[in-house]
Structures are given as C-alpha cells and as structure tokens.
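See below for the structure under consideration.
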Amino acid sequence: MRIGVLTSGGDAPGMNAIIRAVVRAALANNDHVFGIYDGYRGLVEGKLVEFTRKDVSEILNKGGTILGTARLPEFKFEQVRQLAVNQLKRYDIEALICIGGDGTYMGALKLHEMGIKTIGIPGTIDNDIASTDFTVGFSTALSTACEAIDKLRDTSSSHQRCSIIEVMGRHCGDLALYSGLCCGAEYIFTNETGLDKDKLLKDLKENRLAGRRHAIVVISENMTDVYQLAKEVEDYSGYECRATILGYIQRGGAPTPEDRLLAARLGNYAVDLLHEGITGCCVGVSQNSLIYTPIDEALKMVNEPNVELNNLVQKIS
Ligand code: ADP
Ligand code: F6P
C-alpha cells in the first residue's frame with residue numbers, strides 16, 4: 001500500500017511515537033509511507049516526503065511532532081478538501097492515517113466520504129475522545145500537571161495560602177479530575193461538576209477558621225477567570241490566594257512510558273486495519289484491548305462522567 005500519515009490540531013506528547021510506529025509497521029509490510037507536513041494544510045499544499053526507517057529514528061522520546069501540525073478551518077469546504085484528494089492522487093496514495101483530536105477526525109471522515117481510506121488515531125492531551133479510554137498525550141500531560149501541582153503545594157502550604165490551579169482539557173474535565181485526585185486537591189471543578197462559587201467561598205472560610213493551613217483547588221480551563229476567583233477567595237475566606245494557569249507546558253515534554261506504549265500499539269493497529277480493508281474508522285483502547293470504531297459513530301459518542309472517580313473525590317479529598 002501507499003500510506004500517508006499526518007498530525008493535526010493541538011500537538012501532544014507521543015505523536016512522534018505514533019508516527020514512528022506507523023512508519024515502521026508499514027515498512028515491515030513492504031508498504032510505502034509518506035510523512036505529510038503541517039496537517040491538512042500541508043496536505044493541500046503538497047508538503048509530503050516518502051519516509052524511510054531512518055527518518056523516524058531518535059524521535060520516540062521527543063515531545064511535539066516532527067511532522068508539524070496546523071489548523072486549517074477551510075478544510076470544511078469541499079473545494080479545499082478536493083485539493084487534498086488531488087495531492088494524494090498525484091502521489092498515488094490510497095490511505096491516510098490522521099493523528100489528532102475530534103476536529104482531525106472530522107477531516108478524516110470527510111476525506112473518507114470522498115474515497116480516501118482513512119484511519120484516525122487519538123493524539124491529544126485532552127482525553128476528550130469518547131471512543132477510546134485514553135488518548136496519546138494524556139498520560140504525559142497528567143504527569144506534567146501533577147509535578148507542577150506538587151510544587152505549588154510546597155509553596156502554598158509554607159505560606160498558608162490557597163492555590164487555584166487551572167489545567168487544560170478544552171471542554172473535558174479528565175486532566176483536572178485525574179491531576180486533582182493524584183495530588184490530593186481539596187477541590188476539583190470540571191464541566192461535569194460545575195463550579196458553585198458561593199459554596200467554595202463558604203467552605204474555604206470555614207476551613208480557615210477551623211485551622212486548615214492551606215487549600216489546593218484544581219479547575220478545568222474555560223470555566224471561570226481564575227485570577228478573579230483568587231481575588232474573591234482572598235476577599236472572603238481569610239486565605240491569601242494565588243492563581244496559576246499551567247498553560248502550554250502541559251503540551252510539551254518527553255512522552256511517558258504509558259503514552260509510548262499506547263502510541264506503538266495504536267500506530268501498528270492502524271496499519272493492520274488498513275491491510276484488513278477496514279477504513280473510515282478510528283482506533284482506541286477499551287479495557288486495555290485495541291478497538292476500532294467508525295469515525296461517524298465515534299464523533300457522535302458522548303464522554304460519560306467518570307462516576308467512580310468523582311465519587312472518590314467526594315470521599316477522600
Ligand atoms: P483537534 O483535532 O485537536 O480537535 P481542531 O479542532 O483544531 O483540533 O481540528 C484540527 C483540524 O481538523 C482543523 O484545523 C481542520 O483542518 C480539520 N477539521 C476540523 N473540523 C472539520 C470539519 N468539520 N470538516 C473538515 N475538517 C475539519
Ligand atoms: O487540544 C489541546 C489543547 O491544548 C486544549 O487543551 C486547549 O484548549 C487548546 O488545545 C489550546 O489550543 P491553542 O493551541 O489553539 O491555543
């Protein structure tokens with residue numbers, strides 16, 4: 001087969017490990033594999049190169065994506081996608097592996113409807129793809145967030161402060177829920193839990209009066225202005241309060257072993273599926289087994305709240 005591979009949307013640690021797995025698995029099958037630079041934008045512009053084994057050496061432990069990534073909103077227009085299809089035809093590429101989040105999956109689905117054999121691989125720190133238990137990049141971002149929150153705890157407890165820490169996740173609360181739980185945060189707020197500001201202020205005031213030295217609050221992005229919230233906490237509760245937005249640091253760094261393993265399994269599986277003639281789908285893991293789901297179904301699936309972990313937070317935070 002002649003297979004293209006691209007990364008698209010927000011980068012995530014472990015994308016390189018997926019690219020490596022795809023390229024090496026394809027070459028092991030005597031396929032030709034083409035690295036496409038800068039996502040769908042690069043595809044439209046014809047920025048692609050045939051890859052050898054050596055082209056993916058020394059990248060397994062590197063963050064970011066050697067292929068580069070981009071956002072091309074115009075890809076929703078059929079005329080723009082036709083340019084991409086034309087490029088693939090020019091190089092006689094019949095199949096495309098698209099690594100990214102749900103926007104990337106949407107692009108892959110549309111290309112599939114135009115006759116290209118596509119497979120999506122979940123590469124995003126947000127863990128917001130309902131058709132897989134975990135996305136590549138989540139484990140590393142979680143580890144980065146935990147390291148940062150542990151450090152913030154040190155200074156927060158020394159100064160008897162309240163620390164509000166905003167983590168990424170777009171509209172998915174997993175990074176906040178998992179990092180908050182792993183770091184023993186007193187409060188975790190996500191889209192699923194909502195934010196009851198009045199209750200938080202009252203609780204903090206009571207805790208302060210009861211002599212609790214400090215408090216850690218972990219909150220998902222896009223919920224509130226955390227700097228303003230810190231001011232309100234300081235005005236009302238008696239705690240000095242500081243807000244920290246962890247930001248893009250969560251997107252970088254060497255992938256964890258969990259992300260590398262997931263990347264290797266999913267990259268190889270995507271190539272296997274193409275050889276079995278299964279396309280228009282995305283790969284993932286469920287209860288640690290490899291699965292695939294038609295992309296149109298995957299895009300309709302909703303992330304269910306994690307009842308077990310949310311209950312656990314209520315009990316032990
Ligand atoms: P992610 O893949 O991380 O969710 P984005 O939502 O930014 O990131 O999507 C990545 C890219 O996928 C977009 O820049 C665009 O090129 C493509 N894409 C997103 N939505 C669509 C759509 N409805 N139709 C075609 N392509 C899309
Ligand atoms: O999807 C990954 C992510 O980092 C989200 O967590 C965040 O909301 C978004 O991308 C930020 O996107 P940008 O790179 O366009 O600022």
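The basis for the numbers below is simple: all heavy atoms, side chains too, and nothing from hydrogens, waters or symmetry mates. Atoms within a ligand are numbered from 1 in the order they appear, just like the ligands themselves.
The closest approach between any non-hydrogen atom of G169 and ligand 2 is below 4.0 Å.
Within the cation-pi definition used here (under 6.0 Å to the ring centroid, within 45° of the axis), K205 qualifies as a partner of Y236.
Residue contacts with ligand 2 for R71 involve side-chain atoms from C-beta outward but no N, CA, C or O (heavy atoms, distance under 4.0 Å).
Within 4.0 Å of ligand 1, heavy atoms belong to protein residues S8, G9, G10, Y40, R71, L72, F75, K76, G101, D102, G103, T104, M106, G107, K110, R170.
Nearest protein neighbour of atom 10 (O) of ligand 2, counting heavy atoms only, is R251 NH1, 3.0 Å. The protein atom (non-hydrogen) at minimum distance from atom 16 (O) of ligand 2 is Y248 OH, 2.3 Å.
Inclusion of N222 in the set of residues having an N or O under 3.5 Å from an N or O of ligand 2 is not warranted.
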For this session: Walk me through it: do L96 and H112 pass the test side chain to side chain contact (heavy atoms under 4.5 Å, CB included)?
Result: CA-CA 9 Å; L96 188 63; H112 182 67; over 6 Å; no

Exercise. K197 and E232: salt bridge (charged side-chain N to carboxylate O under 4.0 Å, His left out), yes or no, with the steps?
Worked result: CA-CA 9 Å; K197 208 191 276 182; E232 288 176 48; 3.3 Å; yes

For this session: Show your reasoning for whether side chain to side chain contact (heavy atoms under 4.5 Å, CB included) applies to L262 and F134.
Result: CA-CA 9 Å; L262 186 58; F134 292 104; 4.2 Å; yes

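Atom numbering of ligand 2 starts at 1 in the shown order; those under 4.0 Å from a heavy atom of E221 are 5 (C), 6 (O), 7 (C), 8 (O). Within ligand 2, the atoms closer than 4.0 Å to a non-hydrogen atom of M168 are 4 (O), 6 (O), numbered from 1 in the order shown.
Ring geometry for Y269 versus Y292: interplanar angle of 30 to 60°, hence tilted.
Shortest non-hydrogen contact noted between I121 and A270 is CD1-CB, 3.7 Å. The shortest heavy-atom contact between L175 and Q250 is CD1-OE1, 4.0 Å.
Side-chain contact annotation: E240 with H159, donor-acceptor N/O pair under 3.5 Å absent. With hydrogens and angles left out, the side-chain atoms of R24 and S57 include a donor and acceptor closer than 3.5 Å.
Closest to atom 2 (C) of ligand 2 by heavy atom, among D102, D126, D11, V167, is D126.
The number of heavy atoms from other shown groups lying within 6.0 Å of CD (E74) is above 12.
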